[in-house]
Amino acid sequence: MTTATSHAPRAAAGRPAAARRRPVPWGRAGAWALLVLAILVTVLPFYWVLRTSLSTNGALAASSGSLFPAEFSLGAFKRVFGLQTASEAIAEGGSGAAIDFWVYLRNSVLFASITTAGAVFFSAMAAYAFARLRWRGRNLVFSLFLGTMLVPPIFTALPNFLLIKNLGLLNSMLGLVLPYVFMTPFAIFFLRQFFLNMSREVEEAAMLDGAKHLRIFFQIILPNAAAPIATLALLTFIGQWNEYFWPLLVTTEPDARVLQVGLGVFKSQSPQGAPDWSGLMAATLVSALPVLILFAAFGKKIVNSIGFSGIK
Amino acid sequence: MMTTTTASGAPARRAPGRASRSTPSGAETPRRARPFGGDFKVAMLFIAPAMIGFVAFFLVPTLRGIYLSFTEYSILGDPEWVGAKNYATLAKDPLFWNALGVTAQYVVINIALQTVLALGIALLMDRVARSTLIRGTLLLPYLMSNVIAALLWFWMLDYQIGIVNQLIEGLGLPRVAFFGSEAWAIPTQALINTWRHMGYTALLIFAGLQAIPRHVYEVANLDGASPFQTFRKITLPLLRPVLVLVLVVTVIGSFQVFDTVAVTTGGGPVNATRVIQYYIVQKAFTESDFGYASAIAVILFLILALVAFIQMKFLKGNESDLD
């Protein structure tokens, strides 16, 4: 608890009122203990995934409680990346079935990138029309767009599946991407808020110089909104990377699967009774990696966006 | 301590900085110049791509979904109009009522756990630790996909060699079949979801806590209010709009639980985790009964609309006590 108490004065300095309200340091120590508990519950599962992925299946059963990798091995990662032959994999407790990890990875990267780029760009265009242009029916159209946020995804997923099927786009990247690539209601809503708050002066000056809307949009609006657009792209990418339901519906062939769906398959591939735990955890870790990297790089941006996106 | 340098903070905060950056000619420009009069054509151009997406993938599917719910449609052939038959069948379908009950159970456990824990964590963040690092760490599970959260806990809660059951046994208690017993299957799904959403919800509430003016606390303090009294009489009431919003978002999200169930239990054991959305997918894709599946989806839609309406109306989520 020594570390906990040493933090206390710094935190208290920011909030004199809080410090006065809690004169007993026991309360503060208890609060820190609870917070540490919450952090442990959050973080330890991730460690457990890492520890399991570096173990061998044989040793896992024997020393299931050990804090460190049971019989350290990179075999699980080799299995995930397809670097093991079927017989090697089976010997280490894998299913031996081929896992098209690289194909899944490629599909996930394409799916998340294309939908993010499209949705953010087209939503920015629409947000410009909603925030900076004056036209009849603007508010009505905007509330219609917002209204789609209330429709549960499962409701539109069934007809959308039929549409994609009738277009012959099942198991294709185009079919995966189409429902997301034109806009997301949230993106329009989010960007409109920022565009509304931008000063009109620069824009109007450019207009007197004869600049057209397209130039204003590209040369003034977009550069000035770079920060919120980056935040939005980040949030959209993470959301799309994690998307499971829609890809599950429209892809049945391994070639078209994204990672999240592939992971589910990986689990069910394992023969009953003795799942390939270390392989599964290695695959889980690798699929989480892109988000973890984004988080390490832009964590602050993500954290600070929560209050905004949620409340207003 | 926490430098909110990113622009994504509050939009209002950006305004002053912007204004000082005006061009020299900006001062003479008349506000709201005429060019903004009728931009209809330009607006249509800018809105065109989003409009295609809206019409093709939101508006038409919504209407088509309602239409399909009045038809019999097995993907092959054309939908056949059957009136309200699907709804009549639905009313007598024990599996539908089971799905509704199971989902309700999930929603209740989830909301109770998640809201209480998140409120606690938010208070802790507000009182003792306001560092972005801690907040970021607590947000981490939310950034993982449902599939990853499900698989991670599927392993940790394994009956044979899962670490949680090791710990339970270490305490001298009997092992728990978290996914295998009918009694535990739904609470387990709710626990996984709570783990994933706890930090996110806490951050939303934390943002609400920060909006409460400090002087309100100082007054209460001078009046000799105990911390508990302050929490009950000041914090909680002033937090109400945020709490209502959080409740609406969590309830609506929880009713649509699917991913974790699909990855771990697949609706089982028996019917213990066949939640509404899972049942819809089964009807549509396993039994090729799109009409019936659409009818269930319409019911789900109505439930969610009702929930949102009730929560906003009776908990007055859109009114603040601060004024």
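Reminder, nothing fancy here: chain letters follow the sequence lines and each chain counts from 1. Small disclaimer: the values here were computed from a predicted structure and weren't measured.
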Looking at residues at least two apart in the chain, or sitting in another chain, which of them share a side chain to side chain contact (heavy atoms under 4.5 Å, CB included) with Ala284(B)? Leu158(A), Phe290(B), Ala293(B)
Side chain, backbone, both or neither: which part of [X] has a non-hydrogen atom closer than 4.5 Å to chain B?
{"X": "Tyr180(A)", "answer": "neither"}
{"X": "Leu34(A)", "answer": "both"}
{"X": "Phe145(A)", "answer": "both"}
{"X": "Leu248(A)", "answer": "side chain"}
{"X": "Lys165(A)", "answer": "side chain"}
{"X": "Leu214(A)", "answer": "both"}
{"X": "Val43(A)", "answer": "side chain"}
{"X": "Thr284(A)", "answer": "both"}
{"X": "Phe121(A)", "answer": "neither"}
{"X": "Leu178(A)", "answer": "both"}
{"X": "Pro185(A)", "answer": "side chain"}
{"X": "Leu163(A)", "answer": "both"}

Would you say the side chain of [Y] lies within less than 4.5 Å of the side chain of [X], judging by non-hydrogen atoms?
{"X": "Val128(B)", "Y": "Arg28(A)", "result": "yes"}
{"X": "Asp259(B)", "Y": "Gln260(A)", "result": "no"}
{"X": "Met156(B)", "Y": "Leu44(A)", "result": "no"}

Run the numbers on Phe46(B) and Phe217(A) for ring pair (Phe, Tyr, Trp, His ring centres under 6.0 Å), then give the verdict. CA-CA 10 Å; Phe46(B) 271 94; Phe217(A) 177 68; 5.2 Å; yes
Between [options], which shows the greatest number of heavy-atom pairs under 4.5 Å with chain A?
{"options": "Ile134(B), Leu151(B), Ile276(B)", "result": "Leu151(B)"}
{"options": "Val263(B), Ile52(B), Thr264(B)", "result": "Val263(B)"}
{"options": "Val147(B), Asp158(B), Ile252(B)", "result": "Val147(B)"}
{"options": "Gly53(B), Pro49(B), Ala297(B)", "result": "Pro49(B)"}
{"options": "Asn146(B), Ile121(B), Val60(B), Ile161(B)", "result": "Ile161(B)"}

Tell me whether Asn160(A) contacts the main-chain N or O of Pro61(B) through its side chain, where contact means a donor paired with an acceptor under 3.5 Å. no
Do Trp195(B) side-chain atoms and Val41(A) backbone N/O form a donor-acceptor pair below 3.5 Å? yes
Pick one of side chain, backbone, both or neither for [X], based on which atoms fall under 4.5 Å of a heavy atom in chain A.
{"X": "Ile75(B)", "answer": "side chain"}
{"X": "Met44(B)", "answer": "side chain"}
{"X": "Val249(B)", "answer": "neither"}
{"X": "Phe285(B)", "answer": "side chain"}
{"X": "Tyr73(B)", "answer": "side chain"}
{"X": "Leu300(B)", "answer": "side chain"}
{"X": "Leu68(B)", "answer": "side chain"}

For the atom pair [atom1] ([X]) and [atom2] ([Y]), what is the distance rounded to the nearest 0.5 Å?
{"X": "Leu138(B)", "Y": "Leu35(A)", "atom1": "CG", "atom2": "CG", "answer": "6.5 Å"}
{"X": "Ile154(A)", "Y": "Leu304(B)", "atom1": "CD1", "atom2": "CG", "answer": "11.5 Å"}
{"X": "Phe58(B)", "Y": "Thr184(A)", "atom1": "CZ", "atom2": "OG1", "answer": "7.5 Å"}
{"X": "Phe57(B)", "Y": "Phe182(A)", "atom1": "CZ", "atom2": "CZ", "answer": "6.0 Å"}
{"X": "Trp155(B)", "Y": "Thr52(A)", "atom1": "CH2", "atom2": "OG1", "answer": "5.0 Å"}
{"X": "Leu143(B)", "Y": "Ile238(A)", "atom1": "CG", "atom2": "CD1", "answer": "5.0 Å"}

Only one of Thr137(B), Leu133(B), Leu139(B) forms a side chain to side chain contact (heavy atoms under 4.5 Å, CB included) with Val303(A), so which one is it? Leu139(B)
Arg132(A), His213(A), Arg138(A) screened by side chain to side chain contact (heavy atoms under 4.5 Å, CB included) with Asp39(B), the one that passes: His213(A)
Shortest non-hydrogen contact from Leu45(B) toward Met125(A): O-CE, 4.0 Å
Using a cut-off of under 4.5 Å for heavy-atom pairs, which of [options] has the most such pairs with chain B?
{"options": "Val181(A), Ile302(A), Leu249(A), Ile188(A)", "result": "Leu249(A)"}
{"options": "Phe155(A), Phe130(A), Phe122(A)", "result": "Phe155(A)"}
{"options": "Ala288(A), Pro45(A), Gly299(A)", "result": "Pro45(A)"}
{"options": "Leu162(A), Leu232(A), Leu196(A)", "result": "Leu162(A)"}
{"options": "Ala126(A), Pro152(A), Ala129(A)", "result": "Pro152(A)"}

Tyr278(B) meets the ring-ring contact (aromatic ring centres under 6.0 Å, His included) criterion, sequence neighbours left out, with Phe258(B)
Got a sec: does the CZ of Phe245(A) have more than 12 other heavy atoms crowding it under 6.0 Å? yes
Residue pair Met144(B), Phe46(A): steps toward the side chain to side chain contact (heavy atoms under 4.5 Å, CB included) verdict: CA-CA 11 Å; Met144(B) 299 294 117; Phe46(A) 290 101; 3.7 Å; yes
